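Bear in mind that the values here come from a model prediction, so they are computed numbers and not experimental data.
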Amino acid sequence: MYLITKWFGTFICNKNRIKNKILFSKDEKEIVKKLLKINENKILPEEKKIVKNLKKIIVIEKRLQKIGEYKPSDPFFKKIEIKPEDFDYSEDLLHKATLLLAKNRVKEKLASEDLQVIQMVNALDDLIQTSNLLSERVNCWSAIPTSKEKIQPLQNVFSTVNNEIKSMEKQIDSDMEKIAPNMSKITGPLISARLLSIAGGLEKLATMPASTIQILGAEKAFFRFRKEGGKPPKHGVIFQNPYINRSPREIRGKIARVLATKISIATKADAFTKRDISKDLIKDLDKRIKEIKNL
Amino acid sequence: MKTAEKQGIFKEKNRIFTENLDSCKGLKVYNEKLVKHKGREFRSWNPYRSKLAAAILNGLNIEIKSNSKILYLGAATGTTVSHISDIVKDGSVYSVESSPVAVKKLIELSEKRKNIIPILGDANHPDRYSFLVPVVDLIYQDISQRNQAGIFISNIARYLKRSSNSILMVKARSIDVALKPNKAYNLVCSELENSGLKIKDKIDLKPYEKDHAAVIISN
Ligand SMILES: C[S@@+](CC[C@H](N)C(=O)[O-])C[C@H]1O[C@@H](n2cnc3c(N)ncnc32)[C@H](O)[C@@H]1O
């Protein structure tokens, strides 16, 4: 007996004949729910049900090896054709269901890609901190008369860490250019990665107001201001953008506000519409900054 | 336009075209040219953008019927897939691609082209899309990975109808950078033959694509 699952149902076959079947609902959303489970390597309740009390089940998917013997190259699977139209399932339904399935899975995959970036940003910060510590130690140690061999191992680690920093930055750059191309063009991939990391993901960042984006990374200063008064912080992570930190102090706040607005628009495109709007944004940003400087 | 048609592929001088699907009239997929002729709309098929077009211009002779079912491995954003979709207007192109970013574009394309079934998946694991893909008339693979022959063989074993053809686009440098392209192609061909496939043709993609060849097999 062979167990075969298609997008529209699960079947028990024997010598070119379908012996038993459980068909899925004809609602594309219901179908997608099942297909997502299959993609997660789960066994469907329908599959468990249909093999109940049957012996010697042969399966074509590794996923099903718990309920049958896995024989991917059994020629039977090519001989038997289970056609959706024979059961009144249309190609159109398959098309609709696979579109929905692909959309779902792409979204999931990309979401996990931004989780990767968050880890990389954290790892980068750890490496930078480590590098600073080691640099300090190496300097102190070298200041007193020391034989080369003694200090060499530490220096090796120091240079390994520094190389790792460079390669981590490169990886973050290339990942961010894929995940958030608009934002990366406006404020650089690394600052973008830090913003994404603090926000906890691209979609979260994309739903934040510009005023929040402007101070992301300056939360400590912001809470201090709320508690103790004084001046509110004008900018967080985005301060590292040369547009801001190369500008005269008095106009930095204004530029930060404009930049944050553009970043907010850019992330919305990256997370939702996926359109490349970076050229227009950059043009507009340059114009606004010129205006501010000429005031 | 004077066109000589062969199974959905239209030739004029040294250019080839496919006829745009009715559902996509006026729409371009990449920067191809749209040409109107006697009320029909044709899309120029750029051999510098699509290796299949390059192979056809270099003499690839293969039958693709309008109702064929095709398994396409390494669909990317769908440049070549879109032309195949024009050709198999009553068939289907099951398009497998592993990069989610590329699949996003492929999904957009599939919204307008009902015969494209987009699949986010890894061609190394034909198991994982067996619930979507039936036995097909042709497998087309364009994946520049070292184990491309192995991927091709396992998908053929699983999905290719008996006595059918398949096309593998080989990038010499992804087989072995140190090897001369011809040696790399031969290496791939002997791996295919060892698994019981017959090599029908080998077409260099020069001048459109450097160090690439199309290998045509039958099972
Ligand atoms: C050279 S491109 C294909 C171009 C496409 N055939 C065209 O002409 O429009 C190769 C594609 O294969 C994809 N790829 C690489 N390894 C893969 C795998 N194991 N499974 C599926 N796709 C893969 C890559 O993401 C890339 O998009």
> Going by heavy atoms in the side chains, are L101(A) and L132(B) under 4.5 Å from each other?
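Yes - at least one pair of side-chain heavy atoms lies under 4.5 Å apart.
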> Sort out for me which of V101(B), V135(B), I117(B) touches chain A most, counting heavy-atom pairs under 4.5 Å.
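Looking at each of V101(B), V135(B), I117(B) in turn, I117(B) comes out on top.
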> Is there a salt bridge (charged side-chain N to carboxylate O under 4.0 Å, His left out) between D127(B) and R63(A) once you walk through the steps?
CA-CA 8 Å; D127(B) 241 45; R63(A) 172 179 69 87; over 6 Å; no
> More than 12 heavy atoms of other residues, nucleotides or ligands under 6.0 Å from NZ of K66(A): yes or no?
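No, the 6.0 Å shell around NZ holds no more than 12 heavy atoms from other groups.
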> Do K79(A) and R162(B) have side-chain heavy atoms sitting under 4.5 Å apart?
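In short, these two side chains do not touch, never coming nearer than 4.5 Å.
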> Side chain, backbone, both or neither: which part of S92(B) has an atom under 4.5 Å from a heavy atom of chain A?
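Only the side chain of S92(B) comes within 4.5 Å of chain A.
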> Please report the C-alpha distance between W7(A) and V133(B) in whole Å, then the side-chain angles of each, then the deciding distance to 0.1 Å, and finally whether the side chain to side chain contact (heavy atoms under 4.5 Å, CB included) criterion is met.
CA-CA 9 Å; W7(A) 59 271; V133(B) 180; over 6 Å; no
> Would you say NZ of K202(B) has more than 12 non-hydrogen atoms from neighbouring residues, nucleotides or ligands within 6.0 angstrom?
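Count over threshold, so yes.
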> From K161(B) NZ over to K78(A) NZ, what is the distance, rounded to the nearest 0.5 angstrom?
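It is 11.0 Å, given to the nearest 0.5 Å.
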> Distance from T98(A) atom OG1 to Y94(B) atom OH, nearest 0.5 Å?
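Output value for this atom pair is 9.0 Å.
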> How about L110(A) and K104(B): do any of their side-chain heavy atoms sit closer than 4.5 Å?
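SC-SC contact between L110(A) and K104(B) confirmed.
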> So, K62(A) side chain and R128(B) main chain: donor-acceptor pair closer than 3.5 Å or not?
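A pair under 3.5 Å: no.
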> Out of N41(A), T5(A), I60(A), return the one with the most heavy atom pairs under 4.5 angstrom to chain B.
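Ranked by heavy-atom pairs under 4.5 Å with chain B, first place is I60(A).
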> Any chance you could measure E91(A), atom CD, to D90(B), atom CG, to the nearest 0.5 Å?
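Here the interatomic distance stands at 11.0 Å.
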> Nearest 0.5 Å, please: how far is CG in N104(A) from CG in L120(B)?
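With rounding to 0.5 Å, CG (L120(B)) is 11.0 Å from CG (N104(A)).
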> Just how far is it from atom NZ of K114(B) to atom CG of L99(A), taken to the nearest 0.5 Å?
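Rounded to the nearest 0.5 Å, the NZ-CG separation comes to 9.0 Å.
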> More than 12 non-hydrogen atoms from neighbouring residues, nucleotides or ligands closer than 6.0 Å to CG on D88(A), yes or no?
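At most 12 heavy atoms, drawn from other residues, nucleotides or ligands, come within 6.0 Å of this atom.
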> Is a side-chain N or O of H95(A) found less than 3.5 angstrom from the main chain of S110(B), in a donor-acceptor match?
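The answer is yes, because a donor-acceptor pair under 3.5 Å joins these two groups.
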> Taking the side chain as every heavy atom from C-beta outward, state whether Y129(B) and I38(A) have any atom pair closer than 4.5 Å.
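No; the side chains remain at least 4.5 Å from each other.
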> Check the surroundings of atom NZ in K170(A): do more than 12 heavy atoms from other residues, nucleotides or ligands lie under 6.0 Å from it?
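No, because the 6.0 Å sphere around NZ of K170(A) holds 12 heavy atoms or fewer from other groups.
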> Should we count NZ of K26(A) as having more than 12 external heavy atoms under 6.0 Å?
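Counting neighbours around NZ of K26(A), more than 12 heavy atoms of other residues, nucleotides or ligands fall under 6.0 Å, so yes.
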> Kindly check if the number of other-residue, nucleotide or ligand heavy atoms within 6.0 Å of NZ (K21(A)) is above 12?
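No, the 6.0 Å shell around NZ holds no more than 12 heavy atoms from other groups.
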> If I measure from the heavy atoms of chain B, does E113(A) come under 4.5 Å with its side chain, its backbone, both, or neither?
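Interface part for E113(A): side chain.
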> So which part of P118(B) gets closer than 4.5 Å to some heavy atom of chain A, the side chain, the backbone, both or neither?
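Looking at P118(B), backbone and side chain both touch chain A.
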> Side chain, backbone, both or neither: which part of I116(B) has a heavy atom under 4.5 Å from chain A?
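Backbone only.
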> Measure distances from E61(A) to the heavy atoms of chain B and classify the residue's part below 4.5 Å as side chain, backbone, both or neither.
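For E61(A), the contact with chain B is made by backbone and side chain together.
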> Shortest non-hydrogen contact from P134(B) to K6(A)?
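Between these two residues, the closest heavy atoms are CA-NZ, 4.3 Å.
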> Closer than 3.5 angstrom, by distance alone: can the side chain of R158(B) be matched with the main-chain N or O of P72(A) as a donor-acceptor pair?
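No, R158(B) side chain to P72(A) backbone: no donor-acceptor pair under 3.5 Å.
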> Take K103(A) and E108(B) through the test salt bridge (charged side-chain N to carboxylate O under 4.0 Å, His left out) and record every step on the way to the result.
CA-CA 10 Å; K103(A) 276 183 197 168; E108(B) 279 170 31; over 6 Å; no
